[in-house]
Amino acid sequence: MRRSYYCGEVTAEQIGETVTLMGWVHRRRDHGGLVFVDLRDREGIVQILFGPEHGSDAYETARRMRSEYVIAVTGQVRRRPPGTENVHLKTGEVEVPAAEALILNEARTPVFPLDEERPVGEELRLTYRYLDLRRPSLQRNFRIRHQTSQVVRAFFDRHGFIEVETPALTRSTPEGARDYLVPSRLYPGHFFALPQSPQLFKQLLMVAGFDRYFQIVKCFRDEDLRADRQPEFTQIDVEMSFVDREDVLAMTEEMISTILREVRGVELDRPFPRLRYDEAVARYGLDKPDIRFEMFLVEVSDLFRGTAFRPFADALASGGQVKGIRVQGKTETFSRKMIDDLTEFVKGFGAKGLTPFRMTAEGLQSPVAKFLGPEALEGLVRRFELVAGDLVLAIGDNPAVVAESLGRLRVKLGVELGLIDKTLIRPVWVTDFPLLEYSEEEKRLVAVHHPFTAPMDEDLPLFESAPETMRAKAYDLVINGHELGGGSIRNHDRETQQKMFDALGFSAEQARERFGFLLEALEFGTPPHGGIAFGFDRLIMLLTGADSIREVIAFPKTQRVQCLMTGAPAAVDPVQLKELGLKPDFG
RNA sequence: GGGGCCGUGGUGUAGCCCGGUUAACACGCCGGCCUGUCAAGCCGGAGAUCGCGGGUUCAAGUCCCGUCGGCCCCGCCA
């Protein structure tokens with residue numbers, strides 16, 4: 001027997017044709033004298049009919065079939081009798097009466113049902129991932145993933161980009177995330193690191209004259225997981241020579257638009273809107289704004305300066321600010337309890353409290369109204385253009401806390417109040433990030449993007465005077481509030497790169513030891529260059545509508561970084577350790 | 001490192017607050033009947049000592065402590 005069609009391909013076109021199909025028993029309906037089997041493969045489901053008059057051996061075989069048995073069937077495709085068509089199936093006009101049937105393999109009763117999209121515990125799904133992956137919804141996700149990578153490769157090929165593979169075994173770099181380390185057998189005590197990204201290699205490919213590079217590449221970061229983070233993940237990595245920021249943004253904007261068009265049939269408005277980092281933080285509170293809905297943060301510091309409401313007055317006196325967001329027409333839905341819950345929520349981001357103001361027909365009401373003069377209350381009404389039923393939630397604190405807590409609150413309310421049109425896909429570039437920020441933990445400046453990011457030309461003199469105020473030629477692509485990609489123009493001259501290392505507090509020796517090869521490369525004719533990297537898994541989440549990254553990774557790890565199917569990570573034979581010169585000390 | 005939710009036949013849940021006989025329901029599974037179903041139907045049956053350990057109690061799925069595991073979040077993720 002040789003398969004002639006996929007199950008899902010059998011339609012009215014094949015009527016009269018004798019076909020051989022192979023696949024899994026999706027469901028069996030045994031009527032005694034007549035047995036229906038829904039036969040499934042990756043392309044879909046087709047109904048097989050087993051009756052003594054079509055094939056008596058086949059009919060007997062069908063009585064032994066069970067869910068997920070692997071079978072082969074031969075029969076002549078025919079139109080279903082009138083009234084028995086199934087409009088829910090692509091193949092629902094036809095059926096295949098089985099003349100011959102073979103059980104290719106039996107199957108244990110599945111540990112969870114595969115024939116419906118009912119919720120199944122994730123622990124089980126991950127333990128039996130090969131069964132989970134058999135289900136239509138995951139099959140669909142990986143089709144989309146495959147299709148997307150094909151679109152990406154075709155796109156870059158069309159635009160003269162060359163895909164170059166970079167090492168998975170490389171050297172550890174001090175900045176950034178925790179590395180996964182691989183011990184070297186030949187050099188005991190020395191380690192490779194799995195790359196957090198191919199950052200330095202792609203820059204060196206520019207030095208090498210490739211001019212336009214891309215790669216769909218695995219990256220590794222040993223940090224704690226989230227719904228959108230796995231320890232190994234895939235990036236679309238891009239680098240270009242002789243370009244400025246506009247070239248990188250235009251090219252990758254076209255890439256994203258092409259993907260959405262070809263994979264989802266969605267046409268994005270172009271050019272993508274842009275926000276500077278400081279605008280994004282001022283209006284949305286976050287550097288990854290979800291611009292599918294408004295509810296902007298509005299500064300009202302001037303209204304509270306010198307008032308008797310101590311929390312705000314104190315915050316302002318110590319250089320802080322007061323901002324609020326307006327929830328339109330929802331006052332009545334906010335109970336005291338809900339305000340309390342929201343207050344707890346913002347406290348998680350450092351806010352000390354959350355102050356509500358309710359606009360009613362009688363005027364603006366608030367638990368703190370008694371501390372405020374009519375100017376402040378009227379000012380709020382005017383500033384927010386309040387009408388009866390509106391609610392304002394305000395926070396006074398230092399600017400970072402105000403931004404973060406109100407920004408997070410804004411997103412939470414957007415989701416919970418249904419203010420977001422989930423069919424929208426709204427990309428936005430966030431540009432002009434700070435170059436450096438002070439790390440309390442390390443007691444020094446660290447790179448906001450990474451240490452190879454070029455500063456804004458006009459900020460170069462600030463290396464000497466106020467490096468923490470410098471802005472970077474860095475940009476992020478944010479879609480629906482998720483950071484999908486980020487990149488920058490790089491330092492291509494050795495002097496600027498050296499200043500950057502100086503600002504980060506690396507000694508000359510440290511810089512040479514860790515990045516000597518890069519500094520040296522910069523002396524051999526490095527073209528101006530820049531690039532970007534996109535989170536491929538997150539992009540697939542967007543395209544599939546998945547709400548967990550595990551739905552778009554074939555064999556993902558649990559939140560505690562284990563593979564429940566293989567049992568990785570696992571202990572190894574002491575002989576292996578000895579060979580690597582490792583002496584375990586699991587204190 | 002911290003906070004939260006969850007863990008009960010093969011699967012998904014109820015029961016837990018308010019401790020008390022044979023732990024309930026649906027699906028699945030096994031057997032029987034059944035020639036037009038597609039969540040097939042009807043009849044019958046098997047199957048869980050309630051994640052694990054300890055404690056309180058005459059008595060624990062239920063209360064308490066610990067622990068393991070899954071998920072979500074904070075920290076972390078240049």
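Order of the sequence lines sets the chain letters (A, B, ...), proteins ahead of strands, with each chain counted from 1.
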* Asked: Below 4.0 angstrom from OP1 or OP2 of B:G69, is there any side-chain N or O of A:Arg560?
  -> yes

* To do: I would like to know whether A:Leu393 and A:Ile339 meet side chain to side chain contact (heavy atoms under 4.5 Å, CB included); could you show each step before the answer?
  => CA-CA 9 Å; A:Leu393 297 169; A:Ile339 300 284; 4.0 Å; yes

* To do: Return yes if the base of B:G36 and the side-chain atoms of A:Glu95 contain a donor-acceptor N/O pair under 3.5 Å, otherwise no.
  => yes

* To do: Consider the side chain of A:Ala227, meaning its heavy atoms from C-beta on, and name the nucleotide among B:C74, B:C72, B:G70 that approaches it most closely.
  => B:C72

* Asked: Does a side-chain N or O from A:Arg408 land closer than 4.0 Å to OP1 or OP2 of B:C74, or not?
  -> yes

* Asked: Has A:Phe36 got its ring stacked on B:U37, by the test of a centre gap below 5.5 Å and a plane angle below 30°?
  -> yes

* Nucleotide opposite B:C52 in a Watson-Crick or G-U pair, distances under 3.5 Å -> B:G66

* Asked: Of all the nucleotides listed (B:U35, B:C77, B:U11), which has the minimum atom distance to the side chain of A:Phe112?
  -> B:U11

* Asked: For A:Gln562 and B:G70, is the shortest distance between a side-chain N/O and OP1 or OP2 below 4.0 Å?
  -> yes

* A:Arg229 (side chain) and B:C76 (base): donor-acceptor pair under 3.5 Å -> yes

* Nucleotide-resolved protein contact map, nucleotides 38-44 of chain B, B/S/- at heavy-atom distance under 4.0 Å -> BSB----

* To do: Looking at every strand, decide which applies to A:Leu49 at a 4.0 Å heavy-atom threshold: base, sugar-phosphate, or nothing.
  => base

* Spacing of A:Tyr277 atom OH and A:Leu286 atom CG [to the nearest 0.5 Å] -> 10.0 Å

